[in-house]
Amino acid sequence: VNTHSKLHIATSQLRSAVFLFVSDQDRISAITLAGAADVILSRLLLNEGKENFSDHLMKKDAETTGIVPERGAHGRAVNNMLMINALKHMDPGDDDYVEMDLFVSALATVSKAVANYVGVAGDDADFVEALKLWARIHVPKGLDEHGDPR
Amino acid sequence: MVNNRYKKLDIAARQLETAVSMFFKGQDRFSVITLAGAASGILTQLVINAGKQPFVDYARLYHNELFGSTPSRQKYNRHINDRFGINALKHHAAADTSTVEVAEDDAAESAITRAMVDYIELRGQREPFVVTFLNWMWVSRDGRKMMDQYETLPKKIKRLKK
């Protein structure tokens, strides 16, 4: 049995996720791995007294609606929107199919986790650079409101 | 946005295939465990939906043979996921410690094996990644000796069914 820091575990999974994503090798697995890493990284940021990516989204929600969403419910809603739960879990009565934009879900999940990683550990890692390079080539102006490259 | 429909069984297969590929390439064990665990999270229900017996139910019946009680599926599923390190790699609560203890090589093999058993129930054992993993197990775990040991087990243990 070996002892591993949670940061090391999250980093390892996120590194795999980024390379599976940018190589277009397996974007389903990229979502699952980035999602797992993101849960750990989000908590590590909070433990350091910093805001995580969800906090930024919650603030934006509050600016629009005037209501600050509850953290747990907000996190679950984001995870459901990105289909993170549907790719790792199935309950009795669930549909045999999922409907999703795999590219957009994978890009959003990986980007969210990388943003949180940078908040914890900085942007020196090879996979952070790999995602930045991919973005400069494929989505140099970001995505429009439909999720397509501008 | 371009929404496409994906079959849950194909989603599980993709993740399991990537887990096996990373396992054989000697790549990150934590990723292997998480991917195999995600595949299992889908495959268990699909095996039940197909009217067959998932890995977790066989394990529960085996528990009953050994200890005289059958834990609930949810409870035993959590127990297995804890044993294989699956839960610790995707959760981190406020009060959790900053480190975890896991034998990642063994856990990766176990997590794939568990998912593979359920996958084979649904799609058989002809796909290359399935055949390759089974062959690896046969060679590295001395399959002949293991089957000899299996044959010595009482019949009711070998054929545990609900």
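Letters go in sequence order (proteins before strands), and every chain restarts at 1.
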Are the side chain of [X] and the backbone of [Y] linked by a donor-acceptor contact shorter than 3.5 Å?
X: Asn81(B); Y: Ile86(B); answer: no
X: Arg29(B); Y: Gln27(B); answer: yes
X: Asn2(A); Y: Ala103(B); answer: no
X: Gln13(A); Y: Leu89(B); answer: yes
X: Asp101(A); Y: Asn3(B); answer: no

Given heavy-atom pairs under 4.5 angstrom as the criterion, report whether the side chain, backbone, both or neither of [X] touches chain A.
X: Asp106(B); value: neither
X: Ser40(B); value: neither
X: Asn4(B); value: both
X: Asn49(B); value: side chain
X: Ser98(B); value: backbone
X: Ala93(B); value: backbone

Tell me if the centroids of the rings in Phe129(B) and Tyr119(B) come within less than 6.0 Å of each other. yes
Option in [options] with maximal non-hydrogen atom pairs under 4.5 Å from chain B:
options: Val39(A), Ile9(A), Asp38(A), Asp94(A); value: Ile9(A)
options: Ile28(A), Leu14(A), Leu20(A); value: Ile28(A)
options: Asp96(A), Val98(A), Leu7(A); value: Val98(A)

If you round to the nearest 0.5 Å, how far is OG1 of Thr18(B) from CD of Gln25(A)? 6.5 Å
Between the CG atom in Leu33(A) and the CZ atom in Phe30(B), the distance rounded to the nearest 0.5 Å is 12.5 Å
Walk me through whether Asp57(B) and Lys52(B) qualify under salt bridge (Lys or Arg N to Asp or Glu O under 4.0 Å). CA-CA 10 Å; Asp57(B) 283 0; Lys52(B) 297 180 176 181; over 6 Å; no
Go through the steps to decide whether Thr32(A) and Gln15(B) satisfy the test side chain to side chain donor-acceptor pair (under 3.5 Å), and finish with yes or no. CA-CA 9 Å; Thr32(A) 293; Gln15(B) 296 185 91; 2.5 Å; yes
Residues in residues 40-66 of chain A that sit under 4.5 Å from chain B, counting heavy atoms only: Ile40(A), Arg43(A), Leu44(A), Asn47(A)
When the 4.5 angstrom heavy-atom criterion is applied to Asp91(A) and chain B, the contacting part is backbone
Charged tip of Arg15(A) within 45° of Phe127(A) ring normal and under 6.0 Å: no
